[in-house]
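Notes to accompany the following structure.
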Protein chains: 2
Amino acid sequence: MRVTRQKKIILDIINHSYDHLTAEQVYIKCRRVISNISLGTVYRNLNNLVDERKIKRIKMKDGDHFDNLLEKHNHFICDNCGRIIDIKDDISLEYKIGNNKIVDYEINFRGICENCLRKE
Amino acid sequence: MRVTRQKKIILDIINHSYDHLTAEQVYIKCRRVISNISLGTVYRNLNNLVDERKIKRIKMKDGDHFDNLLEKHNHFICDNCGRIIDIKDDISLEYKIGNNKIVDYEINFRGICENCLRKE
DNA sequence: CTCCTTAATAGTAATGATTACTATTAAAGT
DNA sequence: ACTTTAATAGTAATCATTACTATTAAGGAG
């Protein structure tokens with residue numbers, strides 16, 4: 001696996017952004033540095049970085065957003081405006097986080113299931 | 001809001017399935033009852049049912065899956081085969097659930113953020 | 001430093017889940 | 001039964017993402 005300029009720039013953009021950028025938004029920021037970078041390159045590198053657990057994917061209706069992993073945290077997502085708010089505190093299942101009203105929450109565990117573990 | 005035959009059938013299919021069906025899979029099952037039901041109708045009703053909190057959406061790379069809400073539970077998703085396993089027990093953050101190996105988990109809270117609450 | 005191998009890229013086309021559009025149908029109230 | 005209009009069927013369009021391919025450049029060997 002080669003360390004390309006494109007990959008370094010993409011990781012740098014995610015790590016230095018306070019927002020949760022989409023691939024398209026990362027692409028726009030990349031073009032300020034490499035004007036002819038390809039959108040496919042952005043997608044491929046974002047996918048690789050997620051696989052390497054260097055960034056995190058947040059699945060949203062308007063496409064995936066990407067987040068840095070500098071500090072372990074979860075997210076509060078507004079059903080109304082789609083805003084993604086970082087939740088850095090330990091999770092306590094109250095009905096509010098700050099002044100945000102929780103309607104629902106979902107916990108997804110990911111890993112390798114027992115069937116696949118047996119086959120490996 | 002009218003109670004149509006299509007909507008009743010779609011909710012019935014979700015509630016009587018042990019799997020976590022995609023819109024396409026629900027569509028195929030629907031066609032056994034209404035042979036000319038439209039895929040758009042299935043999507044629209046699934047979206048409505050999620051909004052009404054009668055079913056739950058699980059976002060996956062191969063498209064959304066839908067799940068009944070007969071019992072509150074979360075999911076274990078296998079990174080290898082994509083299998084979705086229901087987790088009905090209380091959540092304890094161990095490194096295993098049953099014999100499934102947890103690599104990561106994500107918690108997404110959803111609701112209305114303080115900005116939007118002020119505007120309402 | 002130069003050459004070589006090949007992984008990664010740029011540019012473009014294709015895919016596929018989902019949504020939009022519109023004439024027609026059928027809930028459900030009068 | 002009549003009327004209103006929300007919901008549907010069928011189809012086209014959208015849009016995020018992936019696939020494809022000729023070209024470029026990372027980085028190891030000499």
Side-chain angles (χ1 to χ4, degrees), chain A residues 1-14 17 19-52 54-67 77 79-80 82 84 108 110, chain B residues 1-14 17 19-52 54-67 77 79-80 82 84 108 110:
Chain A
M1 187 213 304
R2 291 174 187 174
V3 180
T4 63
R5 193 155 92 92
Q6 287 81 350
K7 183 170 189 174
K8 278 189 286 192
I9 290 165
I10 289 165
L11 179 56
D12 198 61
I13 285 168
I14 300 288
S17 173
D19 299 322
H20 307 84
L21 305 175
T22 61
E24 190 73 32
Q25 290 171 324
V26 173
Y27 172 63
I28 290 165
K29 282 178 186 286
C30 281
R31 289 180 62 171
R32 294 176 193 164
V33 186
I34 305 177
S35 61
N36 70 331
I37 194 169
S38 174
L39 182 55
T41 298
V42 174
Y43 271 104
R44 180 168 19 74
N45 278 296
L46 287 172
N47 286 339
N48 290 346
L49 289 166
V50 169
D51 290 344
E52 297 164 27
K54 290 181 178 166
I55 66 173
K56 190 159 180 67
R57 184 193 305 275
I58 307 168
K59 287 181 172 295
M60 298 283 288
K61 53 187 170 302
D62 67 331
D64 293 354
H65 291 239
F66 297 89
D67 194 8
I77 300 163
D79 282 337
N80 191 253
I84 303 171
N108 285 320
R110 288 178 182 271
Chain B
M1 185 215 304
R2 291 176 186 172
V3 180
T4 62
R5 193 155 93 94
Q6 287 82 348
K7 183 169 189 176
K8 278 188 284 190
I9 289 165
I10 289 166
L11 179 57
D12 197 61
I13 285 168
I14 300 288
S17 172
D19 300 321
H20 308 83
L21 305 175
T22 62
E24 190 72 32
Q25 291 170 324
V26 172
Y27 172 61
I28 290 165
K29 282 178 186 283
C30 279
R31 289 180 63 171
R32 294 177 192 162
V33 186
I34 304 179
S35 60
N36 71 330
I37 193 169
S38 175
L39 182 56
T41 298
V42 173
Y43 272 103
R44 180 169 17 76
N45 278 296
L46 287 171
N47 286 341
N48 290 347
L49 287 166
V50 169
D51 290 344
E52 296 164 27
K54 290 182 179 166
I55 66 173
K56 190 160 180 67
R57 184 191 307 273
I58 308 168
K59 286 180 173 295
M60 299 283 289
K61 54 186 169 304
D62 68 330
D64 293 354
H65 292 239
F66 297 89
D67 194 8
I77 299 164
D79 282 337
N80 191 253
I84 304 170
N108 285 320
R110 289 179 181 269

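First the proteins, then the strands, lettered A, B, ... as listed; each starts at 1.
Listed pair A:Thr41 / C:dA10 meets the phosphate criterion, a side-chain N or O lying under 4.0 Å from OP1 or OP2. For A:Gln6 and C:dA10, the shortest distance from a side-chain N or O to OP1 or OP2 is below 4.0 Å. Here A:Asn47 reaches the OP1 or OP2 of D:dT18: one of its side-chain N or O atoms lies under 4.0 Å away.
Residues from residues 19-39 of chain B that place a heavy atom under 4.0 Å from any atom of DNA chain D, listed by number: B:Asn36, B:Ile37, B:Ser38. Within residues 58-66 of chain A, the residues approaching DNA chain D are A:Asp62, A:Gly63, A:Asp64, by heavy-atom distance under 4.0 Å.
Following rounding to the nearest Å, B:Tyr43 (OH) and D:dC15 (P) show an atom-to-atom distance of 16 Å. For B:Glu52 and D:dA7, the CD to C1' distance is 13 Å, given to the nearest whole Å. Note: CD1 (A:Ile9) to C1' (C:dA8) measures 14 Å, nearest angstrom. At whole-Å resolution of the value, NZ in A:Lys7 and P in C:dA7 are 14 Å apart. Summarising the geometry, the separation between CG on A:Leu46 and C1' on D:dT17 is reported as 12 Å, rounded to the nearest angstrom. Summarising the geometry, the separation between CG on B:Asn48 and P on D:dA6 is reported as 13 Å, rounded to the nearest angstrom.
When each of A:Asn45 and B:Thr4 is assigned the nucleotide of DNA chain C bearing its nearest heavy atom, the one mapping closer to the 5' terminus is A:Asn45.
Minimum atom distance to the side chain of A:Val3 is reached by D:dG27, of the listed D:dA9, D:dG27, C:dA28. Closest contact between the side chain of B:Arg2 and the listed nucleotides D:dA26, C:dA28, D:dT17 involves C:dA28.
Put simply, the side chain of A:Ile13 reaches to within 4.5 Å of the side chain of A:Ile9, judged on heavy atoms. Counting heavy atoms from C-beta outward, A:Ile14 and A:Lys54 have side chains that stay 4.5 Å or more apart.
Considering NZ of B:Lys8 and CG of B:Leu11, their distance stands at 11.0 Å, rounded to 0.5 Å. To the nearest 0.5 angstrom, A:Ser17 atom OG is 8.0 Å from A:Gln25 atom CD. Taking CD1 of A:Ile28 as the start and CG of A:Leu39 as the end, the distance is 9.5 Å to the nearest 0.5 Å.
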Pair B:Ile10-B:Leu49, side-chain contact (heavy atoms from CB on, under 4.5 Å): steps then yes or no: CA-CA 9 Å; B:Ile10 289 166; B:Leu49 287 166; 4.0 Å; yes

Enumerate donor-acceptor pairs with a distance under 3.5 Å from any side-chain N or O in residues 58-66 of chain B to protein atoms, sequence neighbours excluded.
from	atom 1	to	atom 2	distance (Å)
B:Asp62	OD1	B:His65	NE2	3.1
B:Asp62	OD2	B:His65	NE2	3.4
B:Asp64	OD2	B:Arg57	NH1	2.8
B:His65	ND1	B:His20	O	2.6

